[in-house]
Amino acid sequence: MMRGGPARGGSGSDAFGPARGGTRGGGGSGRPPRGTRPQVDLLHSDLDHEGIPRRAVVMGALGLGMALGLWNLADYQIVNAETYRKRADERRLSRQTLFAKRGTIYDRNGNVLTSSVECQNVYANPKLVEDADEAVSALVELLGVDEEACREKVTRDTTFVYIKRQVDQDIADALSERGIKGIEFEQTMKRVYPYGTLASQVLGVVNIDNEGVSGLESYYDDVLTGTNGSIVRERARDGSYIAGGAYEKVSAKDGTDLVLTLDVNIQSVAEQALADAVESSGADYGSAIVCDPATGEILACCSCPTYDQTDLANTNSADMNLRVVTDAYEPGSVFKTLVSGMGIDLGLMTPDTTFDVPAEVKVGDDWVNDIDDRDYAMTMTLREIMRRSSNTGMVLVGQKIGADNFAEYLDAYGIGTKSGIDFPGESTGIVRERSEYDGSSLGSMSFGQGISVSPIEVTRAVCGIANGGVMTTPHFLKSKHGEELDWSDGEASAISAETAELVKSMMITVVDEGTGSGAAIEGYDVAGKTGTAQRADASGGYQKGNYMSSFIGFAPTSEPAALAYITLDGTPYHSSAATPAFKTIMEQALSVLGVKRTRS
C-alpha cells in the first residue's frame with residue numbers, strides 16, 4: 001500500500017508517474033534547470049499554453065507554399081506565358097529560312113543580266129558528327145575550306161555552325177551523297193551573271209543575305225526582294241529531327257523582275273572602248289554614258305577600271321563607283337555648249353556675232369589664254385570661238401551674258417541639282433550661289449572651270465540641246481511588272497527649240513572642221529564638243545600635266561538617236577583623247593539602233 005497522497009507539486013502530475021518537469025533538485029517547481037532553454041515540440045506540445053500556436057505555424061507554412069505555387073503557375077501560364085513558350089520552342093523547334101528568289105534583271109532586249117539560282121548553305125551539327133576526320137576531309141576536299149578552321153567548327157560544343165555559305169548545288173549534292181552524319185544543308189539563293197562583269201557598276205551587288213548593297217540592286221532593293229518563307233521542324237535535344245514531329249512550311253514569295261534600258265551590245269562596246277582609251281591616253285580612270293536624248297533612256301554606262309561582282313575580296317571599292325553619277329569634276333570646254341545657249345537664248349548674240357578676242361584675258365587674279373598660245377588678238381564669231389574652243393573668247397561671251405543671267409541659266413539647266421537618275425549616290429558637285437560669286441567666278445565658269453559638276457548633270461543639260469530644248473530625266477529602269485514606266489514628269493526646258501538648233505549647228509562645225517574632228521563618223525552628221533580641264537590641287541591652284549579630257553556629242557544631228565559623253569581623268573596632256581572612244585561607241589549605237597545614214 002502506498003503512503004500519503006500525490007507527489008509534491010503534483011497538481012498537474014500523472015498518478016502513474018512523476019510530475020512533468022520533475023527533475024533532480026527541481027523541488028517539483030516545473031522550471032528547467034538554470035542555463036537550459038525550454039524545448040518546444042510543435043507536434044506534441046500543449047496548444048493552449050505555447051507562445052506561437054502550432055496550428056498557426058502549420059497553416060501559415062501551407063498558405064505560403066500554396067501562394068508561391070499559385071504565383072509560379074500564374075507566371076508560367078499568364079504573366080510570362082509567351083516568353084516561356086518561346087524558350088521551349090527554341091529548344092525543341094528548328095526554324096529554317098526559305099529564301100525568296102530575287103527578281104531577274106534583263107536588258108531592253110530580254111537578255112538576262114543577273115538572276116538568282118538555288119544553292120546551299122552547308123552547316124554542321126557537331127553533336128551528331130561521329131567521325132570528325134571523315135567530315136573535315138570531305139569538307140576540305142569538296143568545299144575548299146581551310147582545314148584547321150573547319151576542324152575547329154565541327155568539334156565545337158554547339159548544335160549549329162556554318163561551314164560555307166552559297167555553295168553551288170552540284171557541289172552540295174556531291175557532299176550530300178557522302179552521307180556524313182552531322183553535315184546538313186540549308187537552301188538559299190545567290191546571284192549569277194551570264195555576261196560576266198558586264199555592267200557590274202550599274203547592276204551593283206547583293207550581300208550574303210541577298211540584300212542589295214550597291215547599284216541598281218540597292219536602289220530597287222524593295223522591288224527585287226521577295227518575301228522569305230520558312231520551315232519549322234521539331235528536333236531532339238541533340239539537334240536531330242524527330243520523325244513525325246511538328247512540321248510547318250510557309251512558302252517564299254519571289255521578287256519582281258526588272259527590264260532595264262541598257263543594251264548589252266552597246267554596253268559591251270562602250271566598256272571595251274573606254275578601257276582602250278584609258279590605257280592609250282595614260283588616264284587614271286574614265287567613264288562613259290550613252291543615252292537616248294529624246295527619252296532619257298540610258299543605253300550604256302560604265303567606268304574604268306571595273307570590278308568582278310563574284311570576287312569582292314580582291315576588289316578595290318573605288319572601282320565599284322559609277323563615276324558618271326557619283327563623281328564631280330570641272331567639266332572644261334564641253335560646258336561651252338551650255339554657255340553659248342545662254343547667250344543666244346537671251347537674244348544677245350547669234351552664231352555669227354563677232355568678238356574681238358585678245359591673246360589673253362584677266363580673270364580675277366589670273367591670266368587666261370588659249371591652247372594654241374597665240375600672242376595676238378583675233379576677231380572671231382561665236383561659231384569660230386566654239387570651233388577653236390577659245391577660252392579667251394568664251395570669257396567675253398560670259399561677260400556679255402552677265403553674272404545674274406548666268407546664274408539663272410545654271411538653275412534652268414539643272415546644274416548643281418540632282419538629275420533625277422534612278423541610281424544611288426548621285427553627286428551634285430560644287431556650284432556657287434549668285435551671292436557667292438567673286439571676281440573670277442563668271443569668267444572661269446564661262447569656259448568650264450571654277451565649277452564642279454557630275455557628268456550626269458552635263459549629260460542631261462546637253463540632251464536638252466539635242467532634244468530641241470527639252471531636257472529629259474536620265475534613267476535605267478524601263479519596265480517592271482510588265483509595264484513600261486513614264487518618266488515624262490522630269491522633263492524641263494532651259495532654252496528654246498530655236499536656240500537649240502543654232503547651238504547644234506555650231507557643234508556640227510566643231511566635229512566637221514574643229515577640235516572634234518576625231519569624232520566624225522562616215523555617213524552621219526555628228527554634233528559634239530571637246531573638253532579639257534586642268535585638275536585642281538590642294539592649294540587651290542591647278543596641277544601641271546594633269547587634265548581631264550572629254551567629249552560629248554550626238555547623232556544624227558537632225559533627229560538624235562543617241563548621245564554619248566566620254567571622260568578621261570588624269571591624262572598627262574590636254575588633247576582630244578576622248579574622241580576615238582566616242583566614235584567607236586557611237587558607231588555601234590547607230591548600228592544597233594538601226595539608224596539610217598544621213599550623209600552620202
Side-chain angles (χ1 to χ4, degrees), residues 103-114 195 198-199 201-204 215-217 219-220 223 256-271 274 287-303 322 324-325 414 418-424 426 454-493 500 527 552-566 582 585-595:
T104 299
I105 300 179
Y106 301 89
D107 85 333
R108 65 188 303 112
N109 300 309
N111 298 300
V112 176
L113 297 174
T114 183
Y195 288 90
L198 189 76
Q201 292 144 340
V202 174
L203 296 174
L216 295 180
E217 293 275 24
Y219 193 89
Y220 288 113
V223 178
T256 300
D257 296 342
L258 302 181
V259 177
L260 304 186
T261 58
L262 295 181
D263 184 293
V264 293
N265 297 303
I266 301 174
Q267 179 75 25
S268 178
V269 170
E271 290 189 12
L274 181 63
S287 65
I289 181 171
V290 184
C291 64
D292 180 346
T295 63
E297 292 184 352
I298 299 173
L299 305 173
C301 196
C302 57
S303 300
L322 189 64
V324 169
V325 179
K418 290 189 175 182
S419 67
I421 189 171
D422 51 339
F423 199 85
E426 180 178 0
S454 64
I456 195 64
E457 290 178 56
V458 176
T459 299
R460 180 171 183 264
V462 177
C463 275
I465 294 173
N467 192 41
V470 179
M471 298 180 297
T472 53
T473 302
H475 58 275
F476 287 107
L477 184 58
K478 188 173 181 66
S479 67
K480 64 179 178 179
H481 299 297
E483 297 181 3
E484 289 211 16
L485 277 71
D486 182 3
W487 292 87
S488 60
D489 286 349
E491 293 181 354
S493 298
I552 192 166
F554 46 86
T557 306
S558 55
E559 288 186 54
L563 176 147
Y565 185 21
I566 316 297
F582 170 88
I585 295 169
M586 186 57 70
E587 284 179 333
Q588 174 71 0
L590 295 173
S591 174
V592 169
L593 297 174
V595 179

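Numbers for residues simply follow the sequence, beginning at 1.
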Non-neighbouring partners of [X] that pass side-chain contact (heavy atoms from CB on, under 4.5 Å), sequence neighbours left out:
X: P424; answer: Y219
X: S591; answer: none
X: D257; answer: T104, Y106
X: N265; answer: D263, Q588, V592

### Query
Any side-chain heavy-atom pair from L274 and I585 closer than 4.5 angstrom?
no
Taking all heavy atoms of [X] and all of [Y], pick out the closest pair and write down the distance.
X: G553; Y: M586; result: O-CE, 4.0 Å
X: P556; Y: L590; result: CD-CD2, 4.2 Å
X: A199; Y: E271; result: N-OE2, 2.7 Å
X: H475; Y: T473; result: ND1-O, 2.8 Å
X: V595; Y: A561; result: CG2-CB, 3.5 Å

So, using side chain to side chain donor-acceptor pair (under 3.5 Å) as the criterion, who are the partners of [X] when residues are at least two apart?
X: Y220; result: D422
X: S268; result: none
X: D486; result: S488

### Task
Check the pair N109 / V264 against side-chain contact (heavy atoms from CB on, under 4.5 Å), numbers first and verdict last.
CA-CA 8 Å; N109 300 309; V264 293; 5.7 Å; no
### Set of ring-ring contact (aromatic ring centres under 6.0 Å, His included) partners for F554, sequence neighbours left out
none
### Query
With sequence neighbours excluded, what pairs up with F476 under the ring-ring contact (aromatic ring centres under 6.0 Å, His included) test?
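F423.
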### Task
Go through the structure and list residues passing salt bridge (charged side-chain N to carboxylate O under 4.0 Å, His left out) with E457, not counting sequence neighbours.
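Residues passing salt bridge (charged side-chain N to carboxylate O under 4.0 Å, His left out) with E457: none at all.
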Just how far is it from atom [atom1] of [X] to atom [atom2] of [Y], taken to the nearest 0.5 Å?
X: H481; Y: L258; atom1: NE2; atom2: CG; value: 8.5 Å
X: L477; Y: I105; atom1: CG; atom2: CD1; value: 9.5 Å
X: I456; Y: C291; atom1: CD1; atom2: SG; value: 7.0 Å
X: F582; Y: I552; atom1: CZ; atom2: CD1; value: 9.0 Å

Enumerate, atom names and distances included, each donor-acceptor pair closer than 3.5 Å involving a side-chain atom of residues 461-471, sequence neighbours excluded.
from: N467; atom 1: ND2; to: V470; atom 2: O; distance (Å): 3.0

#### Entry: Test log, rule side chain to side chain donor-acceptor pair (under 3.5 Å), inputs E426 and S419
CA-CA 8 Å; E426 180 178 0; S419 67; 3.0 Å; yes
### Among V259, L216, D107, side chain to side chain contact (heavy atoms under 4.5 Å, CB included) partner for L113
D107
### Query
Are there more than 12 heavy atoms of other residues, nucleotides or ligands under 6.0 Å from atom CD of E559?
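No.
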Donor-acceptor contacts, no H, no angles, side chain residues 294-303, under 3.5 Å, sequence neighbours left out:
from: T295; atom 1: OG1; to: D292; atom 2: OD2; distance (Å): 3.4
from: T295; atom 1: OG1; to: E297; atom 2: N; distance (Å): 3.2
from: E297; atom 1: OE1; to: R108; atom 2: NH1; distance (Å): 3.1
from: E297; atom 1: OE1; to: R108; atom 2: NH2; distance (Å): 2.9
from: E297; atom 1: OE2; to: K478; atom 2: NZ; distance (Å): 2.9
from: S303; atom 1: OG; to: N321; atom 2: O; distance (Å): 3.3
from: S303; atom 1: OG; to: R323; atom 2: N; distance (Å): 2.8

